[in-house]
J.: 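Got a structure here, written out as structure tokens. Questions coming.
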2 protein chains.
Amino acid sequence: MASKIRNMEEFATVSGISRPTVSKYFNDPGSVRASTRARIELALERYDYRPNIYAMNQNRKLTKTIGVVVPLLSDPYFAEIARKLEQYCIAAGYRPTLFSSHGDPALEVEVLDTLRSLKPAGVLLAPLGRASDRNALKKFCDDVPTLIFDSSVDEIGLAFVGSDNFQFTSHITDYLCRTGEAPCFFEMKTPANPNAHRRRQSYLDAMARFGHKPDVISIEGEGWGFEEIGRLGGHEAFKKDRFSSNTILCSNDRLAIGLLTACYEQNIRVGRGDDCAIRVAGQDGHPHSRYTCPPLTTISHDYDSVSQTAVKTLFAAIEGQVSPWKSTRLEGRLILRDSA
Amino acid sequence: MASKIRNMEEFATVSGISRPTVSKYFNDPGSVRASTRARIELALERYDYRPNIYAMNQNRKLTKTIGVVVPLLSDPYFAEIARKLEQYCIAAGYRPTLFSSHGDPALEVEVLDTLRSLKPAGVLLAPLGRASDRNALKKFCDDVPTLIFDSSVDEIGLAFVGSDNFQFTSHITDYLCRTGEAPCFFEMKTPANPNAHRRRQSYLDAMARFGHKPDVISIEGEGWGFEEIGRLGGHEAFKKDRFSSNTILCSNDRLAIGLLTACYEQNIRVGRGDDCAIRVAGQDGHPHSRYTCPPLTTISHDYDSVSQTAVKTLFAAIEGQVSPWKSTRLEGRLILRDSA
DNA sequence: CCTGTTTCTTTACGCGCGTAAAATATTTGT
DNA sequence: ACAAATATTTTACGCGCGTAAAGAAACAGG
């Protein structure tokens with residue numbers, strides 16, 4: 001009974017519908033009459049046929065593929081947001097394909113090239129940032145409907161969706177100031193992306209607002225191994241007695257995780273208790289931050305909103321809605337834990 | 001000069017070579033004469049043409065795509081191994097595509113369906129394990145050359161490549177016994193995959209060998225949130241005073257990370273020092289294990305060897321070499337840190 | 001220089017599906 | 001019940017490339 005169906009022609013025959021109508025169904029099940037749709041779906045259950053993806057996409061101007069590109073998939077933050085982006089894309093009837101630049105600008109360009117040849121309906125791109133090849137990105141955005149997320153590079157693509165880094169740092173600095181010593185700020189001297197610069201500036205602004213003297217500790221280190229950079233930088237800073245406050249706000253959670261390790265190795269007790277020497281806070285709401293020792297106080301991205309907004313904005317643009325370039329920055333939520 | 005090339009016909013014209021030869025070149029650059037290859041590559045630089053992937057794959061029996069499927073991409077362990085697999089695939093001239101089952105058996109089946117329609121040259125599959133739909137996996141392996149890695153489910157696919165869980169646990173148990181109290185074993189009652197069972201058994205064997213009484217603490221918890229399961233299970237075990245030894249060997253690093261958090265929350269100092277109450281060790285060499293407090297003693301997968309062996313084995317099979325089903329299990333390397 | 005081999009060109013067909021146009025059937029509104 | 005609106009069928013072409021076959025050209029070796 002279930003002799004294998006080889007192509008749409010055969011499937012159309014067994015379902016008693018003409019091939020063009022079947023084709024129409026696969027491109028949009030809602031575009032055929034309900035009774036027709038029912039007959040097709042009945043046949044679909046009986047015969048287990050799937051149209052050939054390659055033949056489909058060859059003639060379509062617009063594929064149903066959505067490219068999702070993140071700078072570093074082994075960072076659980078990106079893994080998490082990528083997962084949510086995937087979900088929303090699937091829910092919207094698209095086929096997400098995941099790529100990682102693995103922290104390498106050359107790979108980022110390669111990924112973009114691969115993506116171009118996939119003729120995706122759209123791309124959700126979190127650029128590497130500072131190291132990105134701006135021209136390559138710009139050219140890519142000209143060819144493919146691209147929404148930038150997480151970290152903005154110029155005013156590129158259809159729009160930008162990310163977090164409000166100013167609010168992030170302002171909010172957590174406020175909290176730290178009101179609950180103890182005003183924090184100093186722990187960051188990488190040459191950070192990977194512009195978010196870090198916004199956070200530093202926001203820290204400086206907030207400190208000025210409260211009338212405190214700011215102190216920025218900028219540590220050495222290149223690449224995406226933030227934990228190790230934070231750990232080594234932490235040791236260095238302790239050695240040179242660079243921390244002018246007992247409270248340290250880190251530019252991001254991964255740096256904070258490394259700093260916590262350094263604190264442990266220096267035998268410095270971190271937390272809010274009387275027996276603790278310093279307080280440490282991060283920023284990002286990294287999936288791992290709950291499980292550090294002590295658990296890390298941080299300000300978290302609104303993962304759901306960021307990813308949902310990103311997907312919605314992209315699809316609005318794809319489906320013909322023209323709107324000027326726009327930047328959406330969502331607020332973060334303070335997560336109070338033991339570290340600060 | 002660089003008027004856009006629309007298809008292979010046009011590109012063949014501008015490069016002064018016939019289309020079938022150009023086609024041959026793209027399928028295997030080494031299959032054409034050196035002088036011909038040079039002319040094509042010269043034109044390639046000047047005109048920036050890339051063959052249409054969809055048209056290419058429509059007629060090829062064997063795509064150059066390799067599917068890489070992991071159970072949970074947001075677990076840095078899988079992210080890391082996926083990254084290495086990707087690298088080796090690219091080096092071999094294939095195009096890896098990454099998928100995650102996100103811990104959901106239904107999604108795993110969906111991924112496999114998607115993959116089937118991509119007609120990949122091969123698939124590197126790390127199954128969910130216990131929750132996997134065995135029949136669906138088996139059927140998939142019949143249709144597509146599939147190599148199973150990380151966690152084996154029956155004798156499915158072309159071969160299995162993973163770590164030697166017996167050696168893992170035996171080795172680290174040995175270490176713990178020789179440096180302090182014999183460990184008890186901390187695990188999930190219903191673990192996600194069979195590796196956990198092997199590790200438990202290996203623990204029991206090792207303890208018998210050393211003449212110690214084994215103690216297995218099996219904690220409740222479902223799903224892939226191992227850290228939280230370990231944390232809650234840890235609290236529960238402390239409450240019930242379930243730990244019969246001051247040394248705890250965890251079934252995996254993520255569980256250990258959760259347990260460390262529980263220890264912190266219980267105000268129990270972990271480590272090797274005299275001021276420490278207990279020792280905790282993990283298994284896997286999780287990317288994060290270096291940055292726990294204290295840094296986690298663990299036994300690490302040989303990420304490079306596992307991924308390289310997996311890719312090599314798959315390609316050997318793809319390229320026609322028939323060999324019987326085989327299981328390769330690689331030894332782990334003990335990583336001594338402060339936690340034990 | 002000639003022969004045998006390898007590589008390339010020419011010609012031609014097919015893959016599975018998108019899609020357009022015209023004819024026909026079905027549904028909808030009144 | 002009938003005209004108008006909508007959906008489906010029929011027919012037909014094209015997309016970009018894989019690939020097969022036969023003949024022409026380039027190459028290697030003696």
J.: Whether the side chain of Asn52(A) and the base of dC17(C) hold a donor-acceptor pair under 3.5 Å is what I'd like checked.
T.: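 No pair found.
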J.: Indicate, with a heavy-atom threshold strictly under 4.0 Å, whether Pro51(A) touches base, sugar-phosphate, or nothing.
T.: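 Here Pro51(A) touches the backbone only, sparing every base.
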J.: Of all the heavy-atom pairs spanning Glu80(A) and Pro287(A), show the shortest one and how long it is.
T.: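 In terms of heavy atoms, the two residues are closest at CB-CG, 4.3 Å.
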J.: Would you mind reading off the distance between Asp28(A) atom CG and dA7(D) atom C1', rounded to a whole angstrom?
T.: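 In whole Å, dA7(D) C1' and Asp28(A) CG are 14 Å from each other.
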J.: Between dT9(D), dT19(C), dT10(C), spot the one nearest the side chain of Ser18(A), thanks.
T.: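 Nearest nucleotide to the side chain: dT9(D).
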J.: Among dG14(D), dG18(D), dT9(C), which nucleotide has an atom closest to any side-chain atom of Asn59(A)?
T.: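 Of the options given, the side chain of Asn59(A) lies nearest dG14(D).
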J.: By the 4.0 Å heavy-atom rule, please label Tyr25(A) as base, sugar-phosphate, or nothing.
T.: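 No contact at all - Tyr25(A) keeps every heavy atom at 4.0 Å or more from the nucleic acid.
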J.: Rounded to the nearest Å, what distance is computed from the NZ atom of residue Lys64(B) to the C1' atom of nucleotide dG18(D)?
T.: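 From Lys64(B) NZ to dG18(D) C1': 15 Å.
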J.: Taking any heavy-atom pair under 4.0 Å as a contact, classify Tyr49(A): base, sugar-phosphate, or nothing.
T.: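 Counting heavy atoms under 4.0 Å across all strands, the contact made by Tyr49(A) is with sugar-phosphate only.
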J.: Kindly point out which of dG18(D), dT19(C), dC8(C) is positioned nearest to the side chain of Met8(B)?
T.: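 Of the options given, the side chain of Met8(B) lies nearest dG18(D).
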J.: When you measure from the side-chain N and O atoms of Asn27(B) to the phosphate of dG18(D), is any distance below 4.0 Å, counting only OP1 and OP2?
T.: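 Result: yes.
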J.: Classify the ring geometry between Phe26(A) and Phe11(A) as parallel (under 30°), tilted (30 to 60°) or perpendicular (over 60°).
T.: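 Tilted: the ring planes of Phe26(A) and Phe11(A) meet at 30° to 60°.
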J.: Nearest nucleotide by nearest heavy atom, which residue falls closer to the 5' end of DNA chain D, Pro20(B) or Gln58(B)?
T.: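 Its nearest nucleotide lies further toward 5', so the answer is Gln58(B).
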J.: Output the rounded distance in Å from CE (Met56(B)) to C1' (dG16(D)).
T.: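 The distance from CE of Met56(B) to C1' of dG16(D) comes to 11 Å, rounded to the nearest Å.
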J.: Among Tyr77(A), Phe78(A), Phe149(A), find the residue that satisfies the ring-ring contact (aromatic ring centres under 6.0 Å, His included) test when tested with His301(A).
T.: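 Of Tyr77(A), Phe78(A), Phe149(A), ring-ring contact (aromatic ring centres under 6.0 Å, His included) with His301(A) is met by Tyr77(A) alone.
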J.: Could you work out which one of dG18(D), dC8(C), dC17(C) sits closest to the side chain of Thr36(B)?
T.: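 The answer is dC8(C).
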J.: Assign each of Lys24(A) and Ser35(A) to its nearest nucleotide of DNA chain C by heavy atoms, then name whichever residue's nucleotide is nearer the 5' end.
T.: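 Whichever sits nearer the 5' end wins; that is Lys24(A).
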J.: For a side chain to side chain contact (heavy atoms under 4.5 Å, CB included) with Pro127(A), tell me which candidate from Pro71(A), Pro194(A), Ser132(A) qualifies.
T.: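 Looking at Pro71(A), Pro194(A), Ser132(A), the match for Pro127(A) under the side chain to side chain contact (heavy atoms under 4.5 Å, CB included) is Ser132(A).
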J.: Write down the distance between NZ (Lys119(B)) and C1' (dC17(D)), rounded to a whole number of angstrom.
T.: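 From Lys119(B) NZ to dC17(D) C1': 15 Å.
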J.: Atom CZ of Phe26(B) and atom C1' of dG16(D): how far apart are they, to the nearest Å?
T.: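 My rounded result for the distance is 13 Å.
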J.: Give the rounded distance in Å between these two atoms: CZ of Arg6(B) and C1' of dC17(D).
T.: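 The answer, rounded to whole Å, is 16 Å.
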J.: Per the atom types in the model, does the base of dG18(D) pair as donor or acceptor with the side chain of Arg19(B) at under 3.5 Å?
T.: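 Between dG18(D) and Arg19(B), which were checked side chain against base, a qualifying N/O pair under 3.5 Å is present.
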J.: Is there a side-chain contact between Pro324(A) and Glu155(A), using heavy atoms and a 4.5 Å cut-off?
T.: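 The answer is no, as the side chains (C-beta and beyond) never meet within the 4.5 Å cut-off.
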J.: When Asp150(B) is tested against each of Val70(B), Asn193(B), Leu125(B) for side chain to side chain contact (heavy atoms under 4.5 Å, CB included), which residue passes?
T.: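 Checked Val70(B), Asn193(B), Leu125(B) against Asp150(B); only one passes side chain to side chain contact (heavy atoms under 4.5 Å, CB included): Asn193(B).
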J.: To the nearest angstrom, how far is Glu10(B) atom CD from dG16(D) atom P?
T.: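 Value for this atom pair: 9 Å.
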J.: Rounded to whole Å, how long is the line connecting atom CD of Glu9(B) with atom P of dC13(C)?
T.: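 The distance from CD of Glu9(B) to P of dC13(C) comes to 16 Å, rounded to the nearest Å.
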J.: Tell me whether the OP1 or OP2 atom of dT9(C) has a side-chain N or O from Thr21(B) closer than 4.0 Å.
T.: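 For dT9(C), OP1 or OP2 has a side-chain N or O of Thr21(B) closer than 4.0 Å.
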J.: Mapping Ala55(B) and Arg33(B) onto DNA chain D by nearest heavy atom, which one lands closer to the 5' end?
T.: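 Closest to the 5' end, via its nearest nucleotide, is Ala55(B).
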J.: What is the nucleic acid contact for Asn57(A), judged by heavy atoms within less than 4.0 Å: base, sugar-phosphate only, or nothing?
T.: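 No contact.
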